[in-house]
Number of protein chains: 2
Amino acid sequence: MKGAGGNADRVWQLLVKVYFAQRGQLPAEAGDLSPVQCHVLHLIEPGRPMAMSRLAEALACDASNVTGLIDRLESRGLVQRRQSPDDRRVKILDLTPAGSRVRARLMRYVREEPLPLSRLSAREGRILLKILERLVGD
Amino acid sequence: MKGAGGNADRVWQLLVKVYFAQRGQLPAEAGDLSPVQCHVLHLIEPGRPMAMSRLAEALACDASNVTGLIDRLESRGLVQRRQSPDDRRVKILDLTPAGSRVRARLMRYVREEPLPLSRLSAREGRILLKILERLVGD
DNA sequence: TATTGTTATACTCTATAACTATA
DNA sequence: TATAGTTATAGAGTATAACAATA
């Protein structure tokens with residue numbers, strides 16, 4: 001048994017549980033967006049536009065999936081596509097003002113009230129963050 | 001700012017990232033099951049049969065969803081439904097021998113090789129586990 | 001009356017394969 | 001040739017509403 005091997009099953013089970021528990025509550029905060037749409041909004045940080053291919057990478061999904069995902073968010077007026085000036089194949093994603101507002105609401109929700117994350121002390125929060133960063137190699 | 005409030009956005013972003021990163025790799029280990037089907041297999045522990053309603057709870061999804069989920073796993077011979085002796089409305093889920101084998105393979109995968117969890121030291125694993133347990137209230 | 005599970009329905013999510021435009 | 005994104009397609013996940021059986 002090396003590293004976290006002994007606890008890995010349990011850790012993974014809890015990570016999934018945390019993810020599912022939160023996921024179901026996001027749409028109510030975001031006016032009927034799906035959980036994945038909420039994640040996309042969270043991943044696109046305002047002022048930090050991102051290529052569609054990078055979003056596919058962040059979601060660990062096929063690029064073809066991102067097309068429909070962004071179609072739906074764009075039709076709601078929350079996200080915009082623009083051409084990249086550097087490479088005319090690339091499309092850059094950015095939040096609209098409306099998208100930024102929904103994102104802010106989501107983040108306030110994650111930060112505050114019903115979220116289990118508020119159960120953690122500041123110290124635990126810092127430690128968890130550090131561990132997750134190592135986990136993600138980020 | 002109280003508790004982990006200051007880091008909550010980032011923590012949540014990383015939790016989602018970890019979840020998505022792993023999710024995509026599960027099906028290859030489990031012979032073409034979907035990620036959610038893998039989670040279901042992980043949630044039903046051998047020798048610990050569970051009511052369908054409890055599974056819906058664990059997945060934080062509607063009960064109607066579980067019907068189809070279990071239909072698909074049952075048609076692959078991985079899970080079984082039985083009547084509860086106590087309450088004839090309730091159906092109890094249990095793994096078949098084949099289901100237990102797939103589950104064991106999944107758990108070995110999570111415990112070992114390509115999983116980021118192996119990057120953590122034993123100490124970090126213990127700390128992460130403790131924090132997640134508090135997060136989930138488990 | 002309330003609860004467990006199912007069915008029908010309508011979306012969304014997702015991967016695969018084939019395509020276009022650009023590099 | 002290789003890459004970014006799209007389209008078409010098929011299947012899985014998901015919630016809502018209406019229902020049957022049981023409590």
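Letters go in sequence order (proteins before strands), and every chain restarts at 1.
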Are any of the side-chain heavy atoms of [X] and [Y] separated by less than 4.5 Å?
X	Y	answer
Q22(A)	L15(B)	no
Q37(A)	V40(A)	no
W12(A)	L106(B)	no

Salt bridge (charged side-chain N to carboxylate O under 4.0 Å, His left out) pairs, two or more places apart, involving residues 89-101 of chain B: R82(B)-D94(B), D87(B)-R89(B)
query: Counting just side-chain N and O atoms, does R81(B) come under 4.0 Å of either OP1 or OP2 of dG5(C)?
result: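 Looking at the OP1 and OP2 atoms of dG5(C), neither is under 4.0 Å from any side-chain N or O of R81(B).
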message: What's the angle between the local helix axes at either end of the helix from dT1(C)-dA23(D) to dA23(C)-dT1(D), using five pairs per end and rounding to 10 degrees?
response: 10°
Show the nearest heavy-atom pair for residues [X] and [Y], with the distance to one decimal.
X	Y	answer
M52(A)	I70(A)	CE-CG1, 4.0 Å
M50(A)	I44(A)	SD-CG1, 4.2 Å
L59(A)	F20(B)	O-CD2, 3.2 Å

field: Check: dT22(C) base within 3.5 Å donor-acceptor of R88(A) side chain
entry: no
Nearest to side-chain heavy atoms of C61(A), which nucleotide of dC13(C), dA8(C), dA15(C):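 It is dA15(C).
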Could you state the atom-to-atom distance from [atom1] of [X] to [atom2] of [N] in whole Å?
X	N	atom1	atom2	answer
L26(B)	dT14(C)	CG	C1'	15 Å
L59(A)	dT12(C)	CG	P	17 Å
L69(B)	dG5(C)	CG	P	14 Å
Q83(B)	dG5(C)	CD	P	10 Å
D62(B)	dT6(C)	CG	P	12 Å
L33(A)	dC11(C)	CG	P	17 Å
D87(B)	dT3(C)	CG	P	12 Å
D32(A)	dT12(C)	CG	C1'	12 Å

- request: Scan S64(B) against the nucleic acid and name what it touches under 4.0 Å (heavy atoms): base, sugar-phosphate only, or nothing.
  value: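 It contacts base atoms.
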- prompt: With a non-hydrogen cut-off below 4.0 angstrom, is S53(B) in contact with a base, only sugar-phosphate, or nothing?
  reply: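 Counting heavy atoms under 4.0 Å across all strands, the contact made by S53(B) is with sugar-phosphate only.
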statement: Judged by nearest nucleotide, the residue sitting upstream toward the 5' end of DNA chain C, D86(A) or Q37(A), is Q37(A)
- prompt: Does R89(A) or P35(A) map to a spot on DNA chain C nearer the 5' end, using the closest nucleotide for each?
  reply: P35(A)
message: Check for me, please, whether L129(B) and V18(B) land in the same ILVMFWY cluster - side-chain distances under 4.5 Å, paths through other members count.
response: yes
- request: Give, for atom CD1 of I131(A) and atom CZ of R126(A), the distance between the pair rounded to the nearest 0.5 Å.
  value: 13.0 Å
query: Short question: side chain of R103(A), backbone of H42(A) - any donor-acceptor pair under 3.5 Å?
result: yes
message: Using a 4.0 Å cut-off to any heavy atom of chain B, which nucleotides of DNA chain D are the first and last in contact, reading 5' to 3'?
response: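 So the outermost contacting nucleotides come out as dA12(D) to dA23(D).
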